[in-house]
Amino acid sequence: MIKNFTGQHELPDISIQWNWIPFSGHWGISTSLFSLAAAEARQKQLKLNVPARANELAIQLAEFIGIPSGFEKVEPVNGYLNLYFSQAEYARRVLVEVLEKKADFGRPDRKNEKIMVEFSQPNTHKAFHVGHLRSAILGDTLARIMDFAGYDVVRANYPGDMGLHVIKWLWCYQKFHAGELPDKNITQWMGKIYAEANGKLEANPDLEAEIRALYKRWDQRDPEIVKLWEDTREWSLQGFYQIYDTLNIHFDVYYFNSQMEKPGKEIVQELIDKNIATDERPDGAVIVKIDDVLGLKKEQYRVLVVLRSDGTALYATEDLALVKQKFNDYPDLKKSLYIVDVRQSLHFTQVFKTMEIAGYNWAKQCEHVPYELVSLPGNVVMASREGTVVLLEDLISEATKRAYEVVQEKNPDLGEDQKWATARAVGIGAIKYPMQARENTKVVTFHWESALDFNGQAAPYIQYAYVRCGSILKKAGNIDINPPEISYELSPQEIQLIDLISRFSREVERAASEYRTIQIANFAYEMAKTFNNFYTHCPVLSEGEPIRSTRLNLVMATRQVLKNNLTLLGITAPEAM
RNA sequence: GCCCCUGUAGCUCAAUGGACAGAGCACCAGCCUUCUAAGCUGUUGGUUGAGGGUUCGAAUCCCCCCAGGGGCGCCA
């Protein structure tokens, strides 16, 4: 129809982009006529006032097309042509869809593509602090979003279970804590011994010799050391499982650093045989001069060290093997994502490129998803060795305790179990949310006060909106879950709420394609805010029909979408607060 | 020296190249006989680090500076 119009008026033929009208109380689609006006000016060599001409065109076009079926109103506004949907019909369709699809509302069709998301990668024999939380939460949330968006997601973990840090720990344990068993807070106890080892070494550098001796015993697979390593490693892993359980995070597959050592060395040999790697031993290490191999003049990939001069493996050695292992285990993997902090960007670029050069074509399907660190005020990086850490256990217990106090105050009649369950949901939600509602590329600065602030844009706000929905529905008793024809004029609050509900699926798709949890975190907040606005302006139970039934259905739909949204964020939706 | 990220309200952060750059916190003023006040309403607050360019239109894209952070051959 618009083509007819441009044809009749000798206007340039350009493609029309339809967008959603920024919300103004009445929804629909719109197109801007600025590009048409600009194209006209160019084609006819005219000097036009483009915005004015765009508005003229919008007015003429509005008259020309009249009101197409399914629409209620057509209006030119500031150079835009807006087509408004018929309110009542559109609103009802949205409600029906939510109430039919329930937990699946917002899910697009399955894509039949397998994606691996590797995240968390904690080091055994060390504490788990708030800095480690970001990869765990970002990865878990992305995995949830991608799964919801229709991908077959494989969640992978890759703990660092061997390395100098482990040897130091074993040394300290053997010498000062032999025979001791871990505390209830395993990870915290492991972390203490690691810190103690570092402290002792710093105080007396001569002890380094003992560490080297121990490393050698490990390298020669001294049964006593291997056994000690196996036992203590298991303690550490048990500690991690506890933490993941508390955070409601799970993994489908675990890869371990220690398992990649041998296959990594084999790949290095392969690289040497193929003349990709240069063996500079014994004077130097085994390296891949990637830029030279590719014949690049400008430095881009630089040099990757793949094996130490003494022949021992390093991180890169193991990463080469891991790339391969993943595609061996899952040959139909479309993508292999690595959720690792931004400092390792170059490292992963090098590893993937090296594997590609070696002929492993699926290396192109590997992608590093970088994120910035969690720091303490004053730009202090959290580091176990420096002792500049906030332990996760401490944060969780403090947040839960504070949440419990609020529950106690607001809702003293709840049973003790439910009080604690609610406190955990609120406390853990409050911890997770700030990491999700942040651009991956931005540093999170940890402040105790804001981490424990349950007001404003935070998880408890969203959970509270969910609870309010439930509260209304509970008091309403039996509800006919069949949205009636809407036979009254919807209030702006109702329209805005329905508008948001209808956008949920688009937000999920975008979050999944851009690997951005912030999209979903912000949307959840928008939903809650809009509902709270509805809550104060639109009474439900005290209204007569037909308003009461329509609003009850709207509340039910809102509650469902909030629930789906919170599930994507891995945050529990409590029944009472 | 080379590469990457960041710079938006006092603070923490948003904003598919498009309609008046929006929230939260903080501050101030209000709202609980009514579905839970972990809530709501209102007020205050901006040369989007600076300067060029592309475009009908730039916080967003390009160039060049400035400031902060990170990475760059045997750490992980």
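Here is the naming used below: chain letters follow the sequence lines, and residue numbers restart at 1 for every chain. A quick note: this is a predicted structure, and the numbers were derived from the prediction, not measured.
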Any side-chain N or O of [X] below 4.0 angstrom from OP1/OP2 of [N]?
{"X": "S35(A)", "N": "rC56(B)", "value": "no"}
{"X": "R308(A)", "N": "rG73(B)", "value": "no"}
{"X": "N522(A)", "N": "rG22(B)", "value": "no"}
{"X": "R343(A)", "N": "rG70(B)", "value": "no"}
{"X": "N257(A)", "N": "rA76(B)", "value": "no"}
{"X": "R506(A)", "N": "rU16(B)", "value": "no"}
{"X": "R468(A)", "N": "rC35(B)", "value": "no"}
{"X": "Y535(A)", "N": "rU41(B)", "value": "no"}
{"X": "K442(A)", "N": "rU12(B)", "value": "no"}

Taking any heavy-atom pair under 4.0 Å as a contact, classify [X]: base, sugar-phosphate, or nothing.
{"X": "E280(A)", "answer": "nothing"}
{"X": "I287(A)", "answer": "base"}
{"X": "G284(A)", "answer": "base"}
{"X": "R516(A)", "answer": "sugar-phosphate"}
{"X": "V540(A)", "answer": "base"}
{"X": "V467(A)", "answer": "base"}
{"X": "C469(A)", "answer": "nothing"}
{"X": "N533(A)", "answer": "sugar-phosphate"}
{"X": "S30(A)", "answer": "base"}
{"X": "V407(A)", "answer": "base"}
{"X": "H165(A)", "answer": "nothing"}
{"X": "R53(A)", "answer": "nothing"}
{"X": "V306(A)", "answer": "nothing"}

### Query
Checking W420(A) side chain against T400(A) main chain: does a donor-acceptor pair fall under 3.5 Å?
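Side chain of W420(A) to backbone of T400(A): no pair is present.
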### Task
Examine distances only and state if a side-chain atom of T550(A) and a backbone atom of P546(A) form a donor-acceptor pair shorter than 3.5 Å.
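Yes; at least one donor-acceptor contact below 3.5 Å.
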Would you mind reading off the distance between [X] atom [atom1] and [N] atom [atom2], rounded to a whole angstrom?
{"X": "Q350(A)", "N": "rG73(B)", "atom1": "CD", "atom2": "P", "answer": "9 Å"}
{"X": "Q436(A)", "N": "rC13(B)", "atom1": "CD", "atom2": "P", "answer": "16 Å"}
{"X": "W18(A)", "N": "rA19(B)", "atom1": "CH2", "atom2": "P", "answer": "17 Å"}
{"X": "Y215(A)", "N": "rC75(B)", "atom1": "OH", "atom2": "P", "answer": "10 Å"}
{"X": "N55(A)", "N": "rA19(B)", "atom1": "CG", "atom2": "C1'", "answer": "11 Å"}
{"X": "L296(A)", "N": "rC3(B)", "atom1": "CG", "atom2": "P", "answer": "14 Å"}
{"X": "N455(A)", "N": "rA26(B)", "atom1": "CG", "atom2": "P", "answer": "7 Å"}
{"X": "Y80(A)", "N": "rC20(B)", "atom1": "OH", "atom2": "P", "answer": "8 Å"}

Out of [options], which nucleotide sits closest to the side chain of [X]?
{"X": "V77(A)", "options": "rA19(B), rC74(B), rA23(B)", "answer": "rA19(B)"}
{"X": "N82(A)", "options": "rU55(B), rG18(B), rA19(B)", "answer": "rA19(B)"}
{"X": "T441(A)", "options": "rA76(B), rC5(B), rC56(B)", "answer": "rC5(B)"}
{"X": "H537(A)", "options": "rU41(B), rC25(B), rA23(B)", "answer": "rU41(B)"}
{"X": "Q457(A)", "options": "rC40(B), rC56(B), rG24(B)", "answer": "rG24(B)"}
{"X": "Y525(A)", "options": "rC74(B), rA23(B), rG69(B)", "answer": "rA23(B)"}
{"X": "Y315(A)", "options": "rU41(B), rA23(B), rA76(B)", "answer": "rA76(B)"}
{"X": "R42(A)", "options": "rU55(B), rA76(B), rA14(B)", "answer": "rU55(B)"}

### Query
Less than 3.5 Å between a donor and an acceptor, one on the side chain of S32(A) and one on the base of rA19(B), is that the case here?
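No, the side chain and the base share no sub-3.5 Å donor-acceptor pair.
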### Message
Check this for me: does the side-chain of R302(A) come within 3.5 Å of the base of rC2(B) through a donor and an acceptor?
### Response
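Flag set: donor-acceptor pair detected.
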### Test item: side-chain donor near acceptor, D161(A) and Q259(A), under 3.5 Å
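Side-chain D/A pair, D161(A) to Q259(A): absent.
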### Query
Which glycosidic conformation, syn or anti, is assigned to rC32(B) if syn requires a torsion within 90° of zero?
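In terms of base orientation relative to the sugar, rC32(B) is syn.
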### Task
Specify the glycosidic conformation (syn or anti) of rG69(B), with syn defined as within 90° of 0.
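Anti for rG69(B); the angle lies over 90° from 0.
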[atom1]-based separation of [M] from [N] [nearest Å]:
{"N": "rU43(B)", "M": "rU33(B)", "atom1": "P", "answer": "25 Å"}
{"N": "rA19(B)", "M": "rC62(B)", "atom1": "C1'", "answer": "26 Å"}
{"N": "rC72(B)", "M": "rC40(B)", "atom1": "P", "answer": "46 Å"}
{"N": "rA26(B)", "M": "rG39(B)", "atom1": "P", "answer": "11 Å"}
{"N": "rA21(B)", "M": "rU48(B)", "atom1": "C1'", "answer": "8 Å"}
{"N": "rU12(B)", "M": "rC65(B)", "atom1": "C1'", "answer": "28 Å"}

### Query
Counting only heavy atoms not in K73(A), do more than 12 sit closer than 6.0 Å to its NZ atom?
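Yes.
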### Message
Taking atom NZ as the centre, does K289(A) end up with more than 12 heavy-atom neighbours from other residues, nucleotides or ligands that are less than 6.0 angstrom away?
### Response
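It does not: K289(A) NZ has 12 such atoms or fewer within range.
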Can you tell me the base-pairing partner of [N]? Count Watson-Crick or G-U wobble geometry only, both distances below 3.5 Å, and say none if there is no partner.
{"N": "rC35(B)", "answer": "none"}
{"N": "rC28(B)", "answer": "rG42(B)"}
{"N": "rG18(B)", "answer": "rC56(B)"}
{"N": "rA67(B)", "answer": "rU6(B)"}

### Message
Distance to the ring centre below 6.0 angstrom and angle to the axis at most 45 degrees; does that hold for R510(A) and F523(A)?
### Response
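So R510(A) doesn't make the cation-pi contact.
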### Task
Tell me, please, whether Y371(A) has R134(A) positioned over its six-membered ring: NZ or CZ under 6.0 Å from the ring centre and within 45 degrees of its axis?
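Here R134(A) fails the 6.0 Å and 45° test against Y371(A).
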### Task
In plain terms, say whether E398(A) and K401(A) are close enough for a salt bridge, that is, a side-chain N and a carboxylate O under 4.0 Å apart.
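The answer is yes: the pair qualifies as a salt bridge.
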### Query
Using centres under 5.5 Å plus planes under 30 degrees as the test, is F34(A) stacked with rG18(B)?
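Stacking is present between rG18(B) and F34(A), given that their ring centres fall under 5.5 Å apart and the planes under 30°.
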### Task
Give me the ring orientation class for H125(A) and W169(A): parallel if the planes are under 30° apart, tilted from 30 to 60°, perpendicular past 60°.
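Perpendicular.
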#### Entry: Partner of Y338(A) under ring pair (Phe, Tyr, Trp, His ring centres under 6.0 Å), chosen from Y158(A), F352(A), Y255(A)
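Per the ring pair (Phe, Tyr, Trp, His ring centres under 6.0 Å) rule, the option paired with Y338(A) is F352(A), out of Y158(A), F352(A), Y255(A).
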